[in-house]
Amino acid sequence: MTRNARTIATRVAMGTTLAATLALVGCSGTGTGGAATPTGGFDPAEKVELHIAWWGNDERAAIMAEAIDMFEEEYPNITVVEEPVGAPDDLFNRLATDFASGTAPDVFALGGAKPQEYGDAGALLDLSTVSEELPTDAYPDFTLTNATVDDTLYGLPTGGNAIGLLVNKAVFEKAGVDLPDGSWTWDDFIDAANEITAKAGDGVVGLDLRIQDILGTYVAQYVDTGIYDWDGDLAVDADTIQDWYEMEQQLVADGGLPDPSVIVEHWNVTPDQTLFGTGKAGMTFSYSNQIGSYAGGAGGDVEIVTPPTSTKSSGVAVLPSQFWSIAATTKHPEASALLVDWLLNQPEPAKVILANRGLPFNPETLAVVKPLLTPADTQAAEYLESVLDVGVVAPPQPAGGSILNELSQRIESDILFGSTSAADGAQQWVDELTTSLAND
């Protein structure tokens, strides 16, 4: 078995383990000591140890360490054990193991379909039970959709972001290619990517692509609701997915994308380790809150513009970047809620966290953050404001959509390495995702 095949097999197995584990948690209430029962108030005399887990690079870890140190000063009876991991999938796989072993962290970050999946399984704390410690009324309704299951709120968003096209202006200048102005079609985009690879030299490629960062936006340019509809069913057909994969094939064949082995190698690395983040690519797709992480090592000014489109729709939606949730089995629900409130709603830590996880949705927190933003984050804020004018409203990713990233990458690999056709791969993508949604 090849390394790539072993990796895929491991991810599939972990996904199966997660589904089984959450089913057990939801049915039996087992885990870190039974379902949490708020005691009716926070006891400042009780010695409490909380565990918190998130994904991100060293910069995020340093920011979190500072914010948590401040929290421990504010609440000296609470000790917080920090458990950072590198990539989102690393955290999700780890959470599956932790829930299975009864060692789930008290507080953890979730993204994509995970709030729906965990919430539906009963693995998350109903935030209404800790409303005194963690008020939620400042958050616009659309920001809570992804973490609401059957009218129960299971997480609060860390902030907002939107998919955009990141451009390394120095690479474009070196290759003599005109910068995009937000009006590019996909044909314009392909031509630019190929031209950059041909002219930039020094091993620089036109495009650094991670499919999970753009496929939903591409689909939403052709389907009003995007990949899913408001009932949680699949809304896109195989033809649209085939068109995307054929575009990738064309880019690889003409040089705009690197060799498939390089694409696969960079699937899940942190932004600073990507081709774009190391100055080896002219373009990439990213969430707006990651501009600073990509730009740090890009070796030139980075600009964000709306992705190419060949329709009248941008396909871009303003989305919560991730959510803080609390395990239903935590022994310390009130203290956990105070920690989440600290990270999202309090002004002093906001001055440290700023826009690392997106621009805050809490208006009071946002008012603290905006004057302190770096140039990159200010650019992200301006981009978000522009997206509000041209963007779309997307339904939440249903729990069965949790396989989307792994599925899209696996099919991408099969197509680019020639083990299946774009047409067959797209149909397989539709069939597997449809089955997953139906079995949710």
Side-chain angles (χ1 to χ4, degrees), residues 162-201 204-224 226-227 235-260 262-263 266 274-276 280-288 302-317 383 386-387 389-392 408-409 411-412 415-416 418 421-423 425-426 429:
I163 287 289
L165 175 65
L166 297 190
V167 173
N168 185 319
K169 295 168 69 174
V171 169
F172 270 73
E173 182 178 351
K174 185 176 181 181
V177 177
D178 291 337
L179 291 168
D181 59 7
S183 65
W184 270 8
T185 66
W186 286 104
D187 286 340
D188 296 328
F189 169 79
I190 291 169
D191 290 343
N194 294 336
E195 191 174 357
I196 288 171
T197 302
K199 295 181 178 179
V204 173
V205 297
L207 176 62
D208 177 10
L209 177 67
R210 295 199 285 184
I211 189 174
Q212 66 267 33
D213 288 346
I214 185 59
L215 184 59
T217 300
Y218 176 81
V219 169
Q221 295 175 357
Y222 296 91
V223 181
D224 286 345
I227 292 175
V236 61
D237 59 26
D239 288 344
T240 303
I241 302 302
Q242 179 180 340
D243 289 343
W244 172 265
Y245 282 127
E246 287 178 344
M247 182 164 56
E248 282 196 63
Q249 287 179 309
Q250 179 183 348
L251 281 161
V252 170
D254 295 340
L257 276 172
D259 185 84
V262 177
I263 296 174
H266 290 84
T274 61
L275 294 176
F276 188 90
K280 292 297 184 181
M283 297 180 289
T284 194
F285 294 102
S286 170
Y287 289 99
S288 54
V302 172
E303 181 177 319
I304 185 169
V305 298
T306 52
T309 181
S310 297
T311 71
K312 294 181 180 180
S313 173
S314 71
V316 182
Y383 176 72
S386 72
V387 169
D389 292 332
V390 301
V392 300
S408 300
Q409 290 174 333
I411 300 298
E412 176 188 37
I415 291 171
L416 295 185
S421 67
W429 185 95

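Residue numbers start at 1 and run along the sequence shown. For the numbers below, each heavy atom of this structure counts, side chains included, while hydrogens, waters and symmetry mates do not.
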Heavy-atom distance under 4.5 Å between the side chains of D187 and S310, does that happen here? no

Which atom of S313 lies closest to which atom of T309, heavy atoms considered: O-OG1, 2.7 Å

Approximate separation, where rounding is to 0.5 Å, of M247 CE and L209 CG: 8.5 Å

With heavy-atom distances below 4.5 Å as the criterion, would you say the side chains of I163 and Y218 are in contact? no

Interatomic distance, CD@E412 vs CD1@I241, rounded to 0.5 Å, equals 12.0 Å

Just how far is it from atom CG of D208 to atom CG of N168, taken to the nearest 0.5 Å? 11.5 Å

Any heavy-atom pair between the side chains of T240 and W244 that's under 4.5 Å? no

Taking all non-hydrogen atoms of both residues into account, name the closest pair between P307 and V316 and its distance. CD-CG2, 3.5 Å

Judged by modelled atom types alone, do D181 and S183 share a side-chain donor-acceptor pair under 3.5 Å? yes

Rounded to the nearest 0.5 Å, what separates atom CZ in F172 from atom CD in E195? 9.5 Å

Against L251, only a single residue in L416, V205, I263, N194 fulfils side-chain contact (heavy atoms from CB on, under 4.5 Å); can you say which? N194

Side-chain contact, heavy-atom cut-off 4.5 Å: V262 with L275? yes

Evaluation steps, side chain to side chain contact (heavy atoms under 4.5 Å, CB included), between I190 and Q250: CA-CA 8 Å; I190 291 169; Q250 179 183 348; 3.7 Å; yes

Below 30° counts as parallel, above 60° as perpendicular, anything between as tilted: where do the rings of W186 and F285 land? tilted

Within a 6.0 Å radius of atom CG on D188, are there more than 12 heavy atoms belonging to other residues, nucleotides or ligands? yes

Pick from D243, I227, D237: which one makes a side-chain contact (heavy atoms from CB on, under 4.5 Å) with V219? I227

Reported OG1-to-CG distance for the pair T217 and L165, which is rounded to 0.5 angstrom: 11.0 Å

Show your working on side chain to side chain contact (heavy atoms under 4.5 Å, CB included) between D239 and Y222 and close with a plain yes or no. CA-CA 11 Å; D239 288 344; Y222 296 91; over 6 Å; no

Do T284 and R210 have side chains that get closer than 4.5 Å, going by heavy atoms? no

So, taking the atom named CD in Q242 and the one named CD1 in I411, what distance separates them when rounded to the nearest 0.5 Å? 12.5 Å

For W429 versus S408, what's the shortest heavy-atom pair and its separation? NE1-OG, 3.0 Å

Y245: what forms a ring-ring contact (aromatic ring centres under 6.0 Å, His included) with it, not counting sequence neighbours? none

Which atom of A193 lies closest to which atom of L207, heavy atoms considered: CB-CB, 4.3 Å

Strictly distance-based, threshold 3.5 Å: is any side-chain N or O of S288 a donor or acceptor partner for the main-chain N or O of A162? yes

With a 4.5 Å limit on heavy-atom distance, are the side chains of I211 and E248 in contact? yes

More than 12 heavy atoms from other groups under 6.0 Å of CG on D259: yes

Looking only at heavy atoms, which two atoms of A238 and A426 are closest? And how far apart? O-CB, 3.4 Å

Looking only at atom types and distance, does a side-chain atom of T197 sit under 3.5 Å from a main-chain N or O of G206, one as donor and one as acceptor? yes

Considering all heavy atoms of both residues, which atom of V252 and which atom of P260 are nearest to each other, and what is their separation? CG1-CD, 4.0 Å

Between Q221 (side chain only) and P308 (backbone N and O only), is there a donor and an acceptor less than 3.5 Å apart? yes

When you look at W184 and D178, which way does the side chain to side chain contact (heavy atoms under 4.5 Å, CB included) test go after all the steps? CA-CA 11 Å; W184 270 8; D178 291 337; over 6 Å; no

